2 protein chains.
Amino acid sequence: MGSSRSTIRDVARAAGVSVSTVSLVLNNKGNVSEATRRRVLKAARELGYVPLRTARDLSKQRTGNVGFVLREDHFTRSEPFYTYIFLGTEFEARLHSLYVLLTTIPRDYRKGEHTPRFLRERSVDGLLIAGKVSAVFLEEVRAMKLPTVLIDYEAEGFPAVVIDNQGGARVAVEHLIQQGHRRIAFIGADLRHPSIADRLEGYRIALERAGLSVDPALVLVDDEAEPTRATGQQLGARLLALAERPTAAFCANDALALGVMETLLQAGLRVPDDVALVGFDDVQGATQAPVPLTSVRVFKEQMGELAMRHLAERIGPEQTRRPYARGQHTIVAPTELVVRASSARV
Amino acid sequence: MGSSRSTIRDVARAAGVSVSTVSLVLNNKGNVSEATRRRVLKAARELGYVPLRTARDLSKQRTGNVGFVLREDHFTRSEPFYTYIFLGTEFEARLHSLYVLLTTIPRDYRKGEHTPRFLRERSVDGLLIAGKVSAVFLEEVRAMKLPTVLIDYEAEGFPAVVIDNQGGARVAVEHLIQQGHRRIAFIGADLRHPSIADRLEGYRIALERAGLSVDPALVLVDDEAEPTRATGQQLGARLLALAERPTAAFCANDALALGVMETLLQAGLRVPDDVALVGFDDVQGATQAPVPLTSVRVFKEQMGELAMRHLAERIGPEQTRRPYARGQHTIVAPTELVVRASSARV
DNA sequence: AGTGTTTATCAAACCGTTTTACCCAAGGTA
DNA sequence: TACCTTGGGTAAAACGGTTTGATAAACACT
């Protein structure tokens, strides 16, 4: 009936050694003869021994948890972008024997009021923050001196894992150029968001490298709007109204691109024949669009993995916490262009 | 500089009492005079004392965690149904001082291979399972004798929190009847899914109560398909082909309803004038449909809360674990009809 | 005054690990 | 032979709480 789980003492008794020896074996530490090591491992296996986390963590002076924070509106939006990132962190966490505590914070974060519980209770060894969050929150985190890694966002003093926005955009636009396009529009929203600004920069670089000039009239941006489908529809209308219409458009994200596409199709234009379109993010809806959308794919799980790995390195084991090495701070996750019908050869 | 966090001993010293007394005060236990109680609380506050979770949990012989398991494809689908449920559990967990460990399992779960880590390591006190999962997994869980609550799914021997599918469907159909409709179709998919079967049953009951007979020709079901938008489009076509067309349709979920709507509109019919539509779930897309969709709203966060509360009761404190009381097992979460344009008065 | 009962408090044991400091025997060196 | 090392092992001290059992003081009742 040996119902309740077995402890390290049981293993020690079964193997005929001391508790400390068992611990040493199980943690690959100290000098243990091959013979004893085997006896211990055998006993542990036979008893189905699994160390108790709470005991181990208490002893090791750590919590064994990391927090994953993102804005609620980001988490619940229909494109599961951050959900995939979370899954990536969860996957990598296993390799470091960490548990991930996921929590959301409101868009308009107020200090004490919304502080995640695990921060108040100090029951995480490190923190992952996904997406743009309130500066107030970042301040609070900074003050806690907790190892932290940002994902898909950047802020002074924090290491981060970000999309290669500029590179991805460049490749996308180079693709359009290669398809023979010369008049290529940029469709964007709020440029204060670093990702969008970087994508615009990638657009510029691609044009310049190809010896094409950047026509300001073709940079269609609504600086007050979010990069949504609705915004895309409006910008699509502006594109239609242009005196000299471009033959292609690179959109800062897929939502915008799908909005533009909708407007164009409704106006009777054809994609890609009249206007070719390329988006960014490769969301689920990209394949199901009326004209499947060429887009820049982002490896979301991979970003989560990279962030978690980086965080785990910072956390331990054994105050390995190296001094901040400026420049090694930001990890850039690669992208990939996925070509579909919306940019087929002219 | 008192850098490292303060312990219960610091508080005891500051308040001039023993460690045990501090513990008693902080847990509202035993007899403590009002004077000492205040001294202790004051000291704790001034030192910013927060009990260390690992220590507390080790001592209390619990882990302080509960697991939240759902299928990966459910988690990452674009309608954030389970995401909201998760948020509900997270919210309620705070009240019980529990942490929620979220993990996904694959659709085709294989025993040892995919077992969630926290189950192997036995580092949860209880388990929440959301949505349909592999029977193999449920077996494994059953064998662990871990307090468990299912959400939006049912299985023999497990308590569950489920949507009031039948009641919600009934109210939806009663609404259509009240609008003057007499020929009302049912649109559904795989009836093996209990929710869909229950919604069909609610449809039947509403008709019968109103003295209307159930016309088998109006029950449009594709038993081999998933309840998706695409399926809705096909069923919409079948509806159009009907000799005597119904004036309204109740759809087993919003995805189906939106598919039907698309087909109807493309065929030149008008909603609700020619055919009124009602869905179920009240997904995000319901408001943004060409004709905003009347739907049965499900309180997802609330379902999460209910499940977590129930689980917390089962877990403890103090072996409160009452013997299973059959009948108290299933908690039915209420629904609410949200009327929009798709079912406006005829 | 003596005897139970209740109230308020505390010392010590305990939870299951890791880690430290120490020990002993064997081998190597001067 | 006397004196280090070193390899292999252990007992005991953390880690920071909770809970139990004992105790002293205050109170109530004959």
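Being a predicted model, the structure only gives us computed values, none of them experimental. Reminder, nothing fancy here: chain letters follow the sequence lines and each chain counts from 1.
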So which protein nitrogen or oxygen atoms get under 3.5 Å of nucleotides 26-29 of chain D's nitrogens or oxygens?
none

*Ignoring backbone atoms, establish whether Ser23(B) has a side-chain N or O less than 4.0 Å from OP1 or OP2 of dT18(D).*
yes
Close N/O contacts between protein and nucleotides 6-10 of chain C (under 3.5 Å):
residue	atom	partner	partner atom	Å
dT9(C)	OP1	Ser33(B)	OG	3.4
dT9(C)	OP1	Thr36(B)	OG1	2.9
dT9(C)	OP2	Ser33(B)	N	3.0
dT9(C)	OP2	Ser33(B)	OG	3.3
dT9(C)	OP2	Thr36(B)	OG1	2.7
dC10(C)	OP2	Ser18(B)	N	2.9
dC10(C)	OP2	Ser18(B)	OG	3.3
dC10(C)	OP2	Thr21(B)	OG1	2.6

*Minimum heavy-atom separation for Asn65(B) to Leu98(B), with atom names?*
N-CD2, 4.2 Å
*Side chain proximity check, Ile129(A) to Ile151(A), heavy atoms < 4.5 angstrom*: no
*What about Arg56(B), does its side chain sit under 3.5 Å from the base of dG16(D) through a donor-acceptor pair?*
no
*Within less than 4.0 Å of OP1 or OP2 of dG16(C), is there a side-chain N or O belonging to Tyr49(A)?*
no
*For residues Thr103(A) and Pro116(A), report the shortest heavy-atom separation together with the two atoms involved.*
CG2-CB, 3.8 Å
*Are Asp125(B) and Thr63(B) close enough that a side-chain donor and a side-chain acceptor fall under 3.5 Å?*
yes
*Taking atom P of dG16(C) as reference, at what distance in whole Å does atom CG of Asp57(B) sit?*
13 Å
*Could you check how far CG of Asn28(A) sits from P of dG8(D), rounded to whole Å?*
15 Å
*May I ask you to check whether Glu305(B) and Thr89(B) show a side-chain donor-acceptor distance below 3.5 Å?*
no
*Selection from dC15(C), dT17(C), dT19(D) that lies nearest to any side-chain heavy atom of Lys29(B)*: dT19(D)
*Worked check of salt bridge (charged side-chain N to carboxylate O under 4.0 Å, His left out) between Arg94(B) and Glu90(B)*: CA-CA 7 Å; Arg94(B) 299 175 194 176; Glu90(B) 234 285 317; 3.3 Å; yes
*So with a 6.0 Å cut-off around CZ of Phe299(B), is the heavy-atom count from everything else above 12?*
yes
*Using whole Å, report how far CG of Leu52(B) lies from P of dT18(D).*
10 Å
_Pair Val40(A)-Val17(A), side chain to side chain contact (heavy atoms under 4.5 Å, CB included): steps then yes or no_ = CA-CA 8 Å; Val40(A) 168; Val17(A) 298; 3.9 Å; yes
*Heavy atoms, side chains only, cut-off 4.5 Å: are Val133(A) and Tyr109(A) in contact?*
no
*Could you check which of dG16(D), dT18(D), dT18(C) has an atom nearest any side-chain atom of Lys60(B)?*
dT18(D)
*Quick one: do the Tyr84(A) and Glu72(B) side chains pair a donor with an acceptor below 3.5 Å?*
no
*Send over the distance from Leu58(B) CG to dC15(C) C1', rounded to a whole Å.*
4 Å
*Hey, mind stepping through Leu127(A) and Val66(A) against side chain to side chain contact (heavy atoms under 4.5 Å, CB included) and telling me if it holds?*
CA-CA 5 Å; Leu127(A) 201 57; Val66(A) 316; over 6 Å; no
*Find the distance Arg62(B):CZ to dT19(D):C1' and express it as a whole number of Å.*
15 Å
_Protein-nucleotide distance (Gln61(B), atom CD; dG17(D), atom P), rounded to Å_ = 17 Å
*asked:* Five pairs per end, C1' atoms only: what is the angle between the end axes of the helix from dA1(C)-dT30(D) to dA30(C)-dT1(D), to 10 degrees?
replied: 60°
*Expressed in angstrom and rounded to an integer, what is the separation of Arg13(B) atom CZ from dG16(D) atom C1'?*
13 Å
_From C-beta outward on Ile8(B), which listed nucleotide comes closest to its side chain: dT19(D), dG17(D), dT17(C)?_
dG17(D)
_Atom-to-atom span, CZ of Arg53(B) to C1' of dC15(D) - whole angstrom_ = 17 Å
*How long is the gap from CZ on Arg122(A) to CZ on Arg117(A), to the nearest 0.5 Å?*
16.0 Å
